[in-house]
Each structure stands twice: as structure tokens, then as C-alpha cells.
Protein chains: 2
Amino acid sequence: MVSKAIPDIVVGRLPLYLRALSFLAAEGRQVTSSQELGQKLGISAAQIRKDLSHFGEFGKQGTGYDIKYLSEQLRRILKVTEEHEVALVGAGDLGHALVHYDGFAGKGFRISVVFDNNPQKIGRRLGTFEILDSESIETIIADRGIEVAIVAVPPNAAQEVVDALVRAGVKAILNYAPITVKVPEGVQVQYIDPVIHLQRMAYYL
Amino acid sequence: MVSKAIPDIVVGRLPLYLRALSFLAAEGRQVTSSQELGQKLGISAAQIRKDLSHFGEFGKQGTGYDIKYLSEQLRRILKVTEEHEVALVGAGDLGHALVHYDGFAGKGFRISVVFDNNPQKIGRRLGTFEILDSESIETIIADRGIEVAIVAVPPNAAQEVVDALVRAGVKAILNYAPITVKVPEGVQVQYIDPVIHLQRMAYYL
DNA sequence: GGGCTTTTGTGAAATTATAAACATACTATA
DNA sequence: TATAGTATGTTTATAATTTCACAAAAGCCC
């Protein structure tokens, strides 16, 4: 394997591999194979081997992959060995669900601050967090060096929030608002919109 | 254009086009171009034209696309002109957020029944819905002919819920549980897992 | 230890997807 | 009515991705 630019589509599959490995580990399994992983994920075994080969040699011929070892390697590659602090903007129903979501634990992320622009909500608690004024996004996020944020605000507020996050130095944004936002070079955005997924499936109904 | 099997990746972009068109329409715009749409979505104009060409000719040379007309056509293609009834399984925080989410309106989907397996919750209300026993998924969904469902239950319950949905005749499942589930041929599953998106972005931090 | 089985890592081949290029058609304007 | 300017739909070219195929390495069993 030679170090080259890794295709983004490959990077996008690594978290799926890691997730599948976590489940196998939880079942007490020690070793797996590209074939088994592929079966579980609906991906060809060859593709999994090829994807991993971009980063090194993690398996043993005739045996497969040590689950614990490969998980560690993937976590290292994805830079999720330590937990990233995440800023959440939007303390509505979705923000509430995200704050209480236990799926972030051990996966490399931890919500550590919550913002909202509603004066009714500012100063109140959401879970263990005090809801902070969105006006303070820039200073607080910059001060704390947070570089990951989740946007869970209505669509008409999303671009404005994203702009503030970018100014604060955030480099990765997970946007639940159903609009495509503009960000400068060097800032990543990923989108979660249930309607997009549902409409895509509706085509095949 | 000749009718052939449409690449899934093309189908996956249609909802994005439709979403962008909705925004333009909301701004009072009448006409747009592949170039403008591409700019807004971060997709090349050629790709948009090519994607649309799989389904017909919707534009006018020298002018572009009539926003209302193209939206109608995309809705027809995606089969979201009428609203699909959606069954929601899981009345936790996420289910709560989904029931109150106003982003489904006018997009082709409407949550119309809610299930949970927690005896504490069954019979109570979630928004305007009475929470029904998950045990009744099969009969109720089959009776009402629902073919779209959203799974918002903990990972350890997800496969079981999916199995029940499949038996009930559901053909499209949006799964918020962070596990890859097994479904028979002919049943679609799409996944929403914030951790996957965050980990993918973390690679580039 | 030798033969058999398994499974990796990886080039080469096949497939699929994206981008570029362009002929054609339409609008607007003078 | 002629001309210039746009923007489509489609063809062609380029690039990216996936699959295939196989040598090599490791384990297992007698």
C-alpha cells in the first residue's frame, strides 16, 4: 500500500466497518473476515479488502482480521480515539433528542455545549446543559477550540448559524436543516434529512 | 431519452433537486437553469441535465426549466404527489421529535400511526397519536396498507421491529437505529446515523 | 512435515459515473 | 427578419469505482 489521496467514498465506508466490528466485539467475537463483514453490510468482500488496503495491512492470510486490532486501527485512521467536543445549536425537539442520545458514547464525540436563540430557552436547562445564547456562539466555541458542530435549527436560521460556526472556527458541521448551506473551503458539511431518504425510496415503491 | 434502468445514484439526487426547486419557488422564482441548480447544490450543471434526461425533456433551450413544472415532474417520478402514510415505531425522544417535525408536510409523507413496546407508553398520547402496542404492528399496518415506516428504537430491538414491519408488508424502512438490518429482497432500507457522518468528517480534521 | 483449506492484499479488467463538448433550439433585440 | 446570446439534451471523452482473479501466507490435520 502506498500513501496517496484516499477516495472520499472509501473514507465514508470506514465508519460502517467500525460499527460492524463493534457489534461483533459486543458478541464476544475475536476474529472476522472480509467476507463476513461484507455479508453483514451488504458490501463485497473484495471492496472491503481494497478499502482497507489504502491504509495498510491489517489482516492475516488464512485467518482474517483481529476485531479488536482492526477496530483500533480504524479509530486511529478516523481520528476518533479521543472524543471530539461537539457544539449543538438548536434546543428544540431534535436538540432534545440529540442531547439524550446515548449513541455518541465511545464513538468519538460528546456534545459539550448547547445554543439556542429563543429567549424563552436561553438560561434554562436541556439535560445537563445550560442553554446558551446563539449570540455567543463565536466567542464560546472559539475559546474552547471546538471544531465539530451539529445544527438542529429551522431551515430559515440554518445558514446564519452555519456562518457563525464557521467564524468560530468549526471545521465539521452536521446539518439537520433541510437546506444546502454555503461554507468556505476547508469546512465540511454533512446532511441528515429524513425526507431525502424517504423520497429516494418512494421511487421504487 | 429511452426508458432503461435508472442508476440508483441518479434517483438519489432527484430529491435534492426537488428540495432546491422548492426553495426557489418559495422565493417566488419562476424559472431556473441547470447551472443555477448545480451551483446551489454543489453539483455540475452537466450532471443535472444528464440525470434529468433519463426521465424526459423538461427544459427549454435558451430558457431553462420552469420551476413549477419541473417540480411536478420530479414529484411524479418520485411518486410523492400523494402523501404516503408512514408508521413510526419508537416513541422515545427521537420519535417525539419526528412526530413534531414539520418537514414532512407537502413532501409526500405523513406519519399516521405510532408504536412502542413500553407498557408505560402504550395507550398514552404522543402529539395527536395514541401510542399503540408494537405487538399490533403486523395487523394494523397490514390492514391499513402502509408501506413506509420509520424505525426509531434502540439498536437491540431494531431487527425484531424490522422483521415485524416486513411481515406487515412494509416496503421502505428508514432506520435510525445504528445497526445494519437484514431484510428480504424487495424491501428497502435507508439509514440515518449521526455517528457515521461525524466519523466520516473526523477523518479530515 | 506435507497437503489441504482459508483468506488476505493487489494488480488488471470491467463497469459505472462524471465532465466536457457541441449541435440544436429558443429568446430577445434591433 | 437577421443576429447575438443562452441553455438544453446528447454524444463523446475522461475519471473513478467496483469486481475479478490469483499468488502468497497462514492455520489445520493427519
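Naming convention: chains lettered A, B, ... in sequence-line order (proteins, then strands); numbering from 1 in each chain.
Ring geometry for A:His96 versus A:His100: interplanar angle of 30 to 60°, hence tilted.
Using a 4.0 Å cut-off on heavy atoms, none of the residues of residues 7-19 of chain B approach DNA chain D. At a non-hydrogen distance threshold of 4.0 Å, nothing from residues 21-38 of chain A comes into contact with DNA chain D.
With B:Gln199 contributing its side chain and A:Lys107 its backbone, the two residues share a donor-acceptor pair below 3.5 Å. Panel note: side chain A:Gln159, backbone A:Lys182; a donor-acceptor pair is recorded below 3.5 Å. Of the possible polar contacts, one joining the B:His54 side chain to the B:Lys50 backbone as a donor-acceptor pair under 3.5 Å is found.
Across the protein-nucleic acid pair, A:Asp66 atom CG and D:dA26 atom C1' stand 15 Å apart, rounded to whole Å. C:dT16 atom C1' lies 13 Å from atom CG of B:Asp51, rounded to whole Å. Rounded to an integer number of Å, the gap from NE2 of A:His54 to P of C:dT10 is 10 Å. Taking atom CD of residue A:Glu57 and atom P of nucleotide D:dA23, one finds them 18 Å apart after rounding to whole Å. One atom, CD of A:Gln47, and another, C1' of C:dG11, lie 17 Å apart when rounded to the nearest Å. In this entry the distance linking CZ of A:Phe55 with P of C:dT8 reads 17 Å, nearest Å. Atom pair B:Lys50:NZ and D:dT12:P shows a separation of 11 Å (rounding to whole Å applied). Taking atom CG of A:Leu52 as the reference point, atom P of D:dT18 lies 14 Å away to the nearest angstrom.
A cation-pi contact, defined as under 6.0 Å to the ring centre and within 45° of the axis, links A:Lys79 to B:Tyr203.
Expressed to the nearest 0.5 Å, how far CG of B:Leu37 lies from OH of B:Tyr65 amounts to 8.0 Å. Between atom CD1 of residue B:Ile137 and atom CG of residue B:Asp116 there is a gap of 9.5 Å, rounded to the nearest 0.5 Å. Expressed to the nearest 0.5 Å, how far OH of B:Tyr17 lies from CG of B:Asp51 amounts to 3.5 Å.
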In 5'-to-3' order, the base (B), backbone-only (S) or no-contact (-) status of each nucleotide in nucleotides 21-30 of chain C, using a 4.0 angstrom heavy-atom cut-off, is B--BBBS---
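B:Tyr65 has a side-chain polar atom (N or O) that falls below the 4.0 Å cut-off from OP1 or OP2 of D:dG9.
Looking at the side chain of A:Ser53, the nearest of the listed nucleotides D:dT10, D:dT19, C:dT10 is C:dT10.
More than 12 heavy atoms of other residues, nucleotides or ligands sit less than 6.0 Å from atom CD of B:Gln188. Within 6.0 Å of CD in A:Glu82 there are 12 or fewer heavy atoms belonging to other residues, nucleotides or ligands.
Using a cutoff of 4.0 Å between basic side-chain nitrogens and carboxylate oxygens, B:Arg200 and A:Asp8 are scored as salt-bridged.
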